[in-house]
**Q** 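Before I ask anything, here is the structure I am working with.
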Amino acid sequence: MSSVNRKKDALRYHSSGRPGKIAVVPTKPHSSQRDLSLAYSPGVAEPCLAIAENPEDAYKYTAKGNLVAVISNGTAVLGLGDIGAQAGKPVMEGKGLLFKIFADIDVFDIELDTKNVDEFVKIVKALEPTFGGINLEDIKAPECFEIERRLKAEMNIPVMHDDQHGTAIISGAALINACELLQKDISQVKIVVNGAGAAAISCTAMYIAVGAKKENIVMLDSKGVIRSDRENLDATKAEWATDRDLHTLADAVKDSDVFIGLSAADVLTPEMLLSMAPKPIVLAMANPNPEIAYELACATRNDMIMGTGRSDFPNQVNNVLGFPYIFRGALDVRATSINEEMKIAAVHAIARLAKEPVPEEVNQAYNTNNLRFGEEYVIPKPTDPRLITEVSVAVAKAAIESGVARKTIENWDEYKTELRKRLGKDDGIMRTLSARAQNNPKRVVFAEADNYKTLRAAQIVKEEGIAHPILLGDEERIRHIIEEYAFELEGVQIVDPSKQVKSDTFKQYVDHLFTKRQRRGISRLEAEKLMRSNRNYYAASMVEFGHADTLISGLTRTYPSTIRPALQVIGAKSGSRVAGMYMMLTKKGPIFLADTTMNEDPTAEQLAEITVLVNKAVKERFNITPRIAMLSYSNFGSTDGKVANKVREAVKLLHEKEPDMIVDGDVQANFALNKDMLNANFPFSKLNGEAANTLIFPNLESGNIAYKLLQEVGEAEAVGPILLGMNKPIHVLQLDSSVREIVNMVKIAVVDAQANDKQA
Ligand SMILES: NC(=O)C1=CN([C@@H]2O[C@H](COP(=O)(O)OP(=O)(O)OC[C@H]3O[C@@H](n4cnc5c(N)ncnc54)[C@H](OP(=O)(O)O)[C@@H]3O)[C@@H](O)[C@H]2O)C=CC1
Ligand SMILES: CC(=O)C(=O)O
Ligand SMILES: [Mg+2]
């Protein structure tokens with residue numbers, strides 16, 4: 001992506017919808033007067049009194065135990081320097097987001113407009129009642145050292161300056177593993193640390209704690225090598241001063257084994273890199289741009305292990321791999337601090353995890369099938385779901401063993417299960433779909449390519465390697481929009497049907513349509529006109545003739561008018577019904593709903609056919625075992641109405657014909673989705689004692705209304721409609737879908753096309 005586009009994209013991302021990246025969400029009911037009288041006055045007085053009597057009860061009655069403050073004064077924001085507290089807020093909110101998604105920790109970001117150490121310490125110290133932990137962030141050296149030291153001494157909750165210790169833990173793990181891979185003895189390696197700030201000083205101390213030798217280390221700051229003869233050296237730098245005859249970075253790196261960059265972009269030149277010892281280790285961690293660009297380093301020499309702070313290259317050495325899990329472990333045992341033992345435990349847990357076989361979902365998320373401990377994988381990936389169990393458990397255990405835990409954990413397996421549960425699965429399912437699409441991207445024809453949203457979605461799926469877009473529409477208009485918004489779509493095929501009318505392909509498409517529809521009142525001339533003027537006919541023909549693998553359309557036209565051409569040109573699989581399904585990403589996990597788009601009032605037989613289609617799709621496309629509830633307004637025969645009887649009849653047919661399918665009904669939606677209610681009242685249900693994850697509606701209106709209600713008031717994300725039963729993979733969007741919805745549909749379409757290949 002060009003830097004101009006990256007900038008626009010980043011600004012749009014942060015400003016779209018509710019500005020910023022985090023919000024506060026109530027966790028207790030608040031709908032009735034009673035709820036409010038408990039949440040606030042008078043009921044709230046009771047927990048207040050309990051806490052006044054026993055301060056530890058704050059962990060029982062308030063959010064303190066899961067709440068971390070990310071606090072900065074903006075003096076060393078990433079590698080951007082002293083940009084001020086307010087300008088640093090997006091980074092602190094970003095950390096809040098990462099704490100939440102990786103470890104389910106809630107965060108208030110606090111930006112303090114002060115550079116005065118005493119004032120900073122006074123304010124943070126006074127925040128102790130609110131928080132379970134304090135993550136100091138992006139505060140420059142040397143003030144950060146005094147701030148952290150004083151807060152640790154004066155506060156009774158864990159305080160950690162992440163740029164110091166988070167970075168030390170991650171890069172310590174990377175260094176241990178890189179040395180092992182290159183068969184270098186950590187106690188012998190010559191290390192150059194470029195940077196002498198918050199991160200560099202603590203990282204260097206950590207390397208010594210894990211085996212490096214002080215006499216083998218040279219440190220530099222912006223003025224060059226830190227030498228003992230330099231005047232006005234502050235104490236933290238003086239500790240690392242050398243007497244050797246080294247002055248510049250070029251002097252220092254010559255014949256060194258390890259380069260640690262915690263300074264600024266592009267300061268390590270190819271010449272310097274070439275002058276390092278054989279098989280060097282280069283951890284260029286400045287953000288957002290490393291001390292030497294990844295591609296440049298790799299083009300310069302190929303015998304090294306290289307890591308950067310960035311997610312777009314192998315070996316991302318970034319503190320995101322540590323802070324969520326370190327705090328998770330510390331909070332869960334109510335540690336009073338994060339001590340050396342806990343940090344070292346985290347280093348070894350991360351280093352160890354890199355040597356374990358990589359779970360399939362991580363391979364898939366990085367579009368590869370062979371991530372394994374080696375030069376391009378020295379530490380785990382930040383999305384590795386095992387980090388929370390491995391690192392948090394190691395940290396919690398170390399806290400208990402070193403005596404700083406105020407709470408103990410008896411059953412570690414149970415704790416691990418709780419940790420896994422914290423990270424719901426619904427995001428995971430879209431990530432897995434992306435990864436599956438990326439493994440074998442397909443040609444997707446976008447029938448409405450002369451549209452801003454379509455082109456943006458096309459750019460995203462191209463950039464992410466999810467699909468090979470084909471843009472269908474008026475070529476001039478498409479090119480105009482591409483230019484206007486600077487979309488990066490070079491090399492993407494544009495097909496303009498109006499320029500194809502004389503081609504053999506066009507004739508082939510028209511012949512096919514005419515053959516299929518001649519006995520349904522369409523003349524050849526009309527077939528030709530439809531092919532020229534309605535792009536949905538042309539796009540469907542491309543898929544039918546294998547000129548594209550799948551199609552996406554429907555953004556600007558009604559559902560029936562978009563689906564009709566596909567039904568006429570491609571049609572249903574032989575003997576199959578066509579139905580539409582939605583996947584709703586809800587707080588309870590993904591729930592599948594059908595039929596939401598096609599069959600207005602199916603008979604019992606048709607309802608059973610739809611259910612068979614849905615069962616197969618959920619199982620095969622999403623790798624989820626469907627537990628299907630056939631919904632009605634009645635429960636297992638409680639009402640003798642027409643709709644309830646129809647649903648009951650469909651269930652009977654399914655139980656006869658598909659004995660292995662987990663399906664039951666007629667049942668009301670609340671019972672279907674609540675296993676306790678279901679089991680208490682209908683213990684005989686064939687849903688195997690679990691809540692349903694797939695809901696079949698008695699007719700189109702109830703299905704369609706239900707998914708829209710879930711979307712609007714249930715805040716569930718809708719992915720679909722996923723069309724089932726077509727002879728070729730075709731996907732029709734809802735009118736005015738968002739870019740995100742289009743991208744999600746492309747992922748589904750590509751996975752669908754992959755399955756179609758297998759069947760062919
Ligand atoms: N990948 C990761 O996870 C992390 C990366 N970082 C990155 O590390 C860098 C430093 O952050 P932090 O320690 O918090 O910031 P600080 O402001 O505390 O320290 C910056 C240090 O870099 C030195 N420096 C600046 N320019 C150069 C140069 N050209 N050559 C040598 N040294 C230089 C400064 O020298 P002087 O003392 O003379 O001013 C100072 O010692 C940033 O780029 C940050 O993004 C930080 C934390 C985590
Ligand atoms: C990653 C990080 O904390 C930094 O670059 O400052
Ligand atoms: Mg930082």
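Just so you know, ligand 1 is whichever comes first in the structure, and atom 1 is the first atom listed for that ligand.
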**Q** Check whether any side-chain heavy atom of I170 lies under 4.5 Å from a side-chain heavy atom of N318, and answer yes or no.
**A**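 No, every pair of side-chain atoms sits at 4.5 Å or beyond.
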**Q** Other residues, nucleotides and ligands only: do more than 12 of their heavy atoms fall within 6.0 Å of NZ on K89?
**A** yes
**Q** If you count only heavy atoms, which residues are under 4.0 Å from ligand 1?
**A**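 Residues within 4.0 Å of ligand 1: A76, L78, G79, K140, A141, D163, T167, N194, G195, A196, G197, A198, A199, D221, S222, K237, L262, S263, A264, V267, M285, A286, N287, G309, V317, N318, N319.
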**Q** Indicate yes or no: does D384 engage K381 in a salt bridge with an N to O separation below 4.0 Å.
**A** no
**Q** Under a 4.0 Å N-O cut-off, is there an ion pair linking K140 with E143?
**A**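 A salt bridge links K140 with E143.
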**Q** Salt bridge or not between D243 and R227? Use side-chain N to carboxylate O under 4.0 Å.
**A** no
**Q** Keeping waters out of it, list the protein N, O or S atoms under 2.8 Å from the Mg ion (ligand 3).
**A**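 Correct list: E137 OE2, D138 OD1, D163 OD1.
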**Q** Taking the side chain as C-beta and beyond, is there a heavy-atom pair between Y415 and V393 under 4.5 Å?
**A** yes
**Q** Are there any N/O pairs under 3.5 Å between ligand 2 and the protein, and if so, what are their distances?
**A**
residue	atom	partner	partner atom	Å
ligand 2	3 (O)	E137	OE2	3.0
ligand 2	3 (O)	D163	OD1	3.1
ligand 2	3 (O)	N319	ND2	3.0
ligand 2	5 (O)	N287	ND2	2.7
ligand 2	6 (O)	D138	OD1	3.1
ligand 2	6 (O)	D163	OD1	2.9

**Q** Measuring only between side-chain heavy atoms, which start at C-beta, is N194 closer than 4.5 Å to L268?
**A** no
**Q** Are E401 and K397 close enough for a salt bridge, meaning some N to O gap below 4.0 Å?
**A**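 No.
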**Q** Using a strict 4.0 Å threshold on nitrogen-to-oxygen distance, state whether K343 and E340 make a salt bridge.
**A** yes
**Q** I'd like to know if D104 and R328 make a salt bridge, using a cut-off of under 4.0 Å between side-chain N and carboxylate O.
**A** no
**Q** Answer with yes or no whether the side chains of E93 and H14 bring together a donor and an acceptor at under 3.5 Å.
**A**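 E93 and H14 do not have a side-chain donor-acceptor pair below 3.5 Å.
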**Q** Are D138 and K95 close enough for a salt bridge, meaning some N to O gap below 4.0 Å?
**A** no
**Q** With sequence neighbours excluded, tell me which residues meet side-chain hydrogen bond (donor to acceptor under 3.5 Å, both in side chains) with N156.
**A**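 Result, side-chain hydrogen bond (donor to acceptor under 3.5 Å, both in side chains) vs N156: none returned.
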